[in-house]
Amino acid sequence: MLRRYLRYWREAFDFHSGAYRFDFWWVQIVNTFIFASILFVSINFFNSWPLATKLSGTFSILITIPNLSLFIRRLRDTGFPVQTIMFVLMSPSLLGVSFGILVSVRLVILAPIAFLIYFGWIIYLVSRRSAYWTPILSKKQKSFYAAVISVVMILTVCFQVTALKHVTHEFRAAAQKYIQEQHQVNENRGTSVSSSYSVKNGSMSSSAQETDDNLSDASSASSIPEKEVTELPDDSETTAYKGLTEDTIGDAEFGFFKVHGIWEQDAASLQWLQSQQNIMILTSTQGQGFGVDVASFSFKKITGQSYLLLDQVNNVQVSRIDGTYQDTTSDSIKAMTYLEWHMPDGHIRVVYLIAPSRALLNLIVKTFSESFRVG
């Protein structure tokens, strides 16, 4: 049995002789066993799926030419002429053309049937008896070969099942860990990291100064009351904002949305600033819940939380927290809103908005929910 498999490697570049039917199928069984062994050892002993992928890929490359020569020798052994063998070798491209035709006439449902027919045809070709001479095996040899093949096939199945169970267990553990992390994120929502921003020379920057009011808000943020956003009449700030030219800001990593006015991004803090009305928007793709993200601002007072939908992102639900913010330089109180949501791919998005009035801030948030898009 070992000699038969070693001959498969010795005759790797032999495209002219023949190969017995038993030799052909024995090589396929051994190669399948080797693949299963690679998967079993890599997953169960090294717990490394990348290792299994690399080793399997390397072995696949090594057996490409030996498999091709074995396939051709098997067809030659069945008595097929060179023209027929060439047609069989070109048949995969014809199968691809057939699939394309089925797709073009909207009969994709027939593609699996066509593949099964083609696969059965290939098995029939390589399973034909030799057209020349086939060695006759004794009953003892047949029994021995049957026993060896059975053992190898059983081991192959056992290795594959064991590796599959291990992968399934790891996947369930990872999924459970992710669910627990998301649950922890929801529990942590409302824990505020103290920071503030100041206005100087028309630009805004964040600082890490805490106040007693911020600490009290952070401690009670986990129980923010549900409060629907009420529509407010336009004030002077809102009217002036609507009169400004429309623009689109953002980046490829976070996304893009529409605003009004001339906006510039501070190179240090990455905050979007509209100096005409002293409006600030901070976007981030990092964070783990309200107040836990990397660059956060502390509420002076939290008035409530609500939810909204992103119209252009599969109606993803966004958590919205409204409140006020106290400018550390002028002590003026401004309207502030915090938005947070998870994209369909699981990545978080965080937005802080600070504006002179609540009516203006509601308009900016409304425009954001209607125009936010990715890419």
Side-chain angles (χ1 to χ4, degrees), residues 1-38 55-153 156-157 160:
M1 301 291 280
L2 180 60
R3 288 197 302 269
R4 290 177 182 270
Y5 186 72
L6 293 178
R7 185 169 58 190
Y8 157 73
W9 289 101
R10 288 197 305 269
E11 299 177 353
F13 295 94
D14 181 6
F15 297 91
H16 302 287
S17 60
Y20 295 130
R21 177 171 52 184
F22 177 80
D23 291 342
F24 177 86
W25 289 114
W26 171 242
V27 167
Q28 308 310 315
I29 292 173
V30 174
N31 285 343
T32 303
F33 173 76
I34 293 175
F35 277 117
S37 302
I38 292 173
L55 293 179
S56 298
T58 302
F59 185 67
S60 298
I61 295 174
L62 290 176
I63 65 175
T64 299
I65 295 180
N67 273 349
L68 178 62
S69 64
L70 178 65
F71 181 72
I72 293 176
R73 293 200 307 272
R74 177 80 273 268
L75 294 179
R76 290 178 61 86
D77 186 64
T78 59
F80 284 123
V82 176
Q83 294 80 1
T84 303
I85 295 176
M86 291 300 297
F87 173 79
V88 174
L89 294 177
M90 295 294 295
S91 60
S93 60
L94 299 178
L95 181 65
V97 173
S98 301
F99 283 170
I101 295 175
L102 292 177
V103 172
S104 63
V105 298
R106 298 182 180 181
L107 292 176
V108 184
I109 191 173
L110 298 179
I113 299 177
F115 177 78
L116 290 176
I117 294 175
Y118 174 78
F119 187 69
W121 176 63
I122 293 297
I123 292 179
Y124 166 74
L125 293 181
V126 297
S127 300
R128 286 161 47 93
R129 291 181 60 87
S130 174
Y132 305 102
W133 176 79
T134 301
I136 300 176
L137 301 177
S138 64
K139 292 184 178 180
K140 184 178 180 180
Q141 288 177 317
K142 291 181 179 179
S143 300
F144 173 73
Y145 289 157
V148 173
I149 291 174
S150 299
V151 170
V152 173
M153 293 182 68
T156 300
V157 173
Q160 291 177 335

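The residues of the chain are indexed from 1 along the displayed sequence. Computed from a prediction, not measured in an experiment: that's the story for all the values here.
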task = Return yes if some donor-acceptor pair links the side-chain N/O of R7 with the main-chain N/O of D23 below 3.5 Å, else return no.
result = no

key: Non-hydrogen atoms of A12 and P66 that approach each other most closely   = CB-CG, 3.7 Å

Close side-chain approach of L125 to F80, heavy-atom, < 4.5 Å = yes

task = Could you tell me if the ring centre of F115 sits under 6.0 Å from that of Y118?
result = no

inquiry  = Return the CG to OG distance between L107 and S98, rounded to the nearest 0.5 Å.
reply    = 12.5 Å

note = Between the OG atom in S56 and the CD1 atom in I61, the distance rounded to the nearest 0.5 Å is 11.0 Å

ask   = Got a donor-acceptor contact below 3.5 angstrom from the R21 side chain to the S130 backbone?
value = no

Separation of F15 CZ from F13 CZ (nearest 0.5 Å) = 7.0 Å

Close side-chain approach of P81 to T84, heavy-atom, < 4.5 Å = yes

task = Flag yes if more than 12 heavy atoms outside I65 fall under 6.0 Å of its CD1 atom; otherwise flag no.
result = no

query = Okay, side chain of D14, backbone of H16: is any donor-acceptor separation there less than 3.5 Å?
reply = yes

key: Stepwise side-chain contact (heavy atoms from CB on, under 4.5 Å) test for V88 and I122   = CA-CA 8 Å; V88 174; I122 293 297; 4.1 Å; yes

ask   = Can you find a pair of side-chain heavy atoms, one from F119 and one from L95, that are under 4.5 Å apart?
value = no

request  = Give a yes or no answer on whether the side chain of R74 reaches the backbone of R128 with a donor-acceptor pair at less than 3.5 Å.
outcome  = yes

inquiry  = I'd like to check I63 versus V27 (side-chain heavy atoms, cut-off strictly below 4.5 Å). Are they in contact?
reply    = no

remark   = In terms of heavy-atom contacts, A146 and S150 come closest through O-OG, 2.7 Å

Min side-chain heavy-atom separation L102-V108 under 4.5 Å = no

inquiry  = Is the ring pair W121/F87 parallel, tilted or perpendicular, if the boundaries are 30 and 60 degrees?
reply    = perpendicular

key: F22/I149 under side-chain contact (heavy atoms from CB on, under 4.5 Å): CA gap, chis, key distance, verdict   = CA-CA 11 Å; F22 177 80; I149 291 174; 3.7 Å; yes

task = With rounding to the nearest 0.5 Å, note down the distance linking CG in D77 to CZ in R73.
result = 10.0 Å

query = With side chains defined as the heavy atoms from C-beta onward, is the minimum distance between T156 and F35 less than 4.5 Å?
reply = no

message = As an exercise, state the distance from CZ of F24 to CD1 of I29, rounded to the nearest 0.5 Å.
response = 11.0 Å

task = Determine whether more than 12 heavy atoms belonging to other residues, nucleotides or ligands lie under 6.0 Å from atom CD1 of I123.
result = yes

message = Go through it in stages, so that I can follow the logic: the residues are F33 and V151, the test is side-chain contact (heavy atoms from CB on, under 4.5 Å), and I'd like the CA-CA distance, side-chain angles, deciding distance and then a yes or no.
response = CA-CA 11 Å; F33 173 76; V151 170; over 6 Å; no

query = Where do N31 and Y8 land on the side-chain contact (heavy atoms from CB on, under 4.5 Å) test, with the steps shown first?
reply = CA-CA 11 Å; N31 285 343; Y8 157 73; 3.5 Å; yes

query = If every non-hydrogen atom of A19 is compared with every non-hydrogen atom of L70, which pair is closest and at what distance?
reply = CB-CD1, 3.8 Å

ask   = Does atom CZ of R129 have more than 12 heavy-atom neighbours from other groups under 6.0 Å away?
value = no

query = Measuring from F59:CZ to I34:CD1, what's the distance to the nearest 0.5 Å?
reply = 3.5 Å

